[in-house]
Visitor: 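Structure provided below as structure tokens; questions to follow.
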Amino acid sequence: MPRTAKSFFLGDAVTVARMLPGMDIVIGSGDHCGRYMITETEAYLGEEDRACHASKGRTGRTEVMYMEGGHLYIYFIYGMHWMMNIVTGMINEPQAVLIRGVASVSGPGRVTRALGIDGSYNGEDMNVSARIWLEDTGRRPALRAIPRVGINYAGEPWVSMPWRFITEDK
DNA sequence: GTAAGGATTGGC
DNA sequence: CCAATCCTTACT
């Protein structure tokens, strides 16, 4: 199965977040080799989106979000969890999609633990990386679109935007 | 330098 | 409900 075309990542985060469920993350590095079907995503859409880290502007942490779509934005939260995001859009359009679930693994912290993702993947380009990439399986599962979680601080309208996508069969 | 809080999880 | 646990950001 071919690696997803680079153009796929250049769309806006909401569009990409809707298309990711059903696709496979393929990760291969030594003792961690695997294929994981994405089941849940959340879109974070640029500096205007108060829930998006880029709403603080360009900082050391958010720098990778300003890169071209296809790069990984990995950050550490609550002193114990890695979060995995796929950057989307053109250069200087800070958007990303949080991977909240893969088949049989629910929760973004559990996803990174299952895949062995850590800070060393921050900035990795899925278009060229030899250890992690995306494959379009052609599956397009039915989705529920509901508000994002854990972002009450963002206020309206951001807290109510239905930018969390989860496969119906869960 | 200091302080506040977090795109979560697991345990009580 | 709440602690864990440390990084990022904002402010002095």
Side-chain angles (χ1 to χ4, degrees), chain A residues 8-23 25 27 32 34 36-90 92-126 132 134 141 143-168 170:
Chain A
F8 170 72
F9 298 109
L10 301 182
D12 68 90
V14 175
T15 300
V16 174
R18 287 199 68 99
M19 295 187 69
L20 282 173
M23 292 188 181
I25 295 169
I27 184 164
H32 262 292
Y36 301 86
M37 186 181 75
I38 297 171
T39 58
E40 184 177 346
T41 62
E42 270 180 3
Y44 290 86
L45 200 56
E47 293 182 345
E48 288 192 351
D49 178 4
R50 295 289 301 280
C52 181
H53 290 167
S55 65
K56 303 286 186 186
R58 194 186 283 262
T59 67
R61 183 172 66 161
T62 62
E63 184 65 29
V64 69
M65 293 186 78
Y66 288 80
M67 297 201 280
E68 196 171 53
H71 289 82
L72 293 182
Y73 168 42
I74 311 293
Y75 67 90
F76 194 59
I77 193 73
Y78 297 123
M80 58 185 81
H81 303 297
W82 292 102
M83 298 289 111
M84 173 186 183
N85 301 252
I86 299 176
V87 174
T88 74
M90 312 292 280
N92 287 337
E93 289 179 351
Q95 313 177 1
V97 176
L98 173 66
I99 306 301
R100 289 194 60 89
V102 296
S104 76
V105 181
S106 293
R110 291 171 140 198
V111 166
T112 54
R113 197 175 56 184
L115 272 63
I117 297 280
D118 61 19
S120 73
Y121 283 83
N122 192 40
E124 192 92 356
D125 185 354
M126 293 185 102
I132 185 168
L134 193 69
L143 300 177
R144 269 187 298 146
I146 57 181
R148 299 170 292 180
V149 295
I151 56 151
N152 288 340
Y153 61 85
E156 296 291 355
W158 312 109
V159 70
S160 297
M161 300 304 271
W163 290 347
R164 179 186 187 189
F165 303 101
I166 181 168
T167 54
E168 284 281 10
K170 290 194 64 185

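Lettering of chains follows the sequences in order, A, B, ..., and the numbering in each one begins at 1.
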Visitor: Select base, sugar-phosphate, or nothing to describe what R164(A) touches, counting heavy atoms under 4.0 Å on all strands.
Guide: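 The residue R164(A) makes no contact with any strand.
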Visitor: Does E156(A) have more than 12 heavy atoms from other residues, nucleotides or ligands lying within 6.0 Å of its CD?
Guide: yes
Visitor: When Watson-Crick pairs (N1 to N3 and N6-O4 or O6-N4) and G-U wobble pairs (N1-O2 and O6-N3) count only below 3.5 Å on both distances, what is the dot-bracket string of DNA chain C, with | for other-strand pairs?
Guide: ||||.||||||.
Visitor: Can you tell which of dA10(C), dT8(C), dT8(B) lies closest to the side chain of Y78(A)?
Guide: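 Given the options dA10(C), dT8(C), dT8(B), the side chain of Y78(A) is closest to dT8(B).
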Visitor: Are N122(A) and R61(A) linked by a side-chain donor-acceptor pair shorter than 3.5 Å?
Guide: no
Visitor: Sequence neighbours left out, cut at 3.5 Å: what donor-acceptor pairs do the side chains of residues 71-78 of chain A make with other protein atoms?
Guide:
unit_1, atom_1, unit_2, atom_2, d
H71(A), ND1, E68(A), O, 2.8
Y73(A), OH, H53(A), ND1, 2.6

Visitor: Does any non-hydrogen side-chain atom of T167(A) lie less than 4.5 Å from one of L143(A)?
Guide: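 L143(A) reaches T167(A) side chain to side chain.
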Visitor: Would R148(A) and E42(A) pass as an ion pair if we require N to O under 4.0 Å?
Guide: no
Visitor: May I have the distance from W158(A) (atom CH2) to dA7(B) (atom P), rounded to whole angstrom?
Guide: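 Spelled out: CH2 on W158(A) to P on dA7(B) is 16 Å.
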Visitor: To the nearest Å, how far apart are W82(A) CH2 and dC6(C) P?
Guide: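 About 12 Å, once rounded to whole Å.
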Visitor: Between dG11(B) atom P and M80(A) atom CE, what is the distance in whole Å?
Guide: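 After rounding, the gap between these two atoms is 12 Å.
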Visitor: From the options dT9(C), dG10(B), dA7(B), select the nucleotide whose nearest atom is closest to the side chain of T62(A).
Guide: dT9(C)
Visitor: NA contact type, I151(A), heavy-atom cut-off 4.0 Å: base, sugar-phosphate, or nothing?
Guide: sugar-phosphate
Visitor: What integer distance in Å separates R61(A):CZ from dA7(B):C1'?
Guide: 9 Å
Visitor: Does R148(A) reach a base, just sugar-phosphate, or nothing at all? Heavy atoms under 4.0 Å.
Guide: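 If one applies the 4.0 Å heavy-atom cut-off, R148(A) turns out to touch nothing in the nucleic acid.
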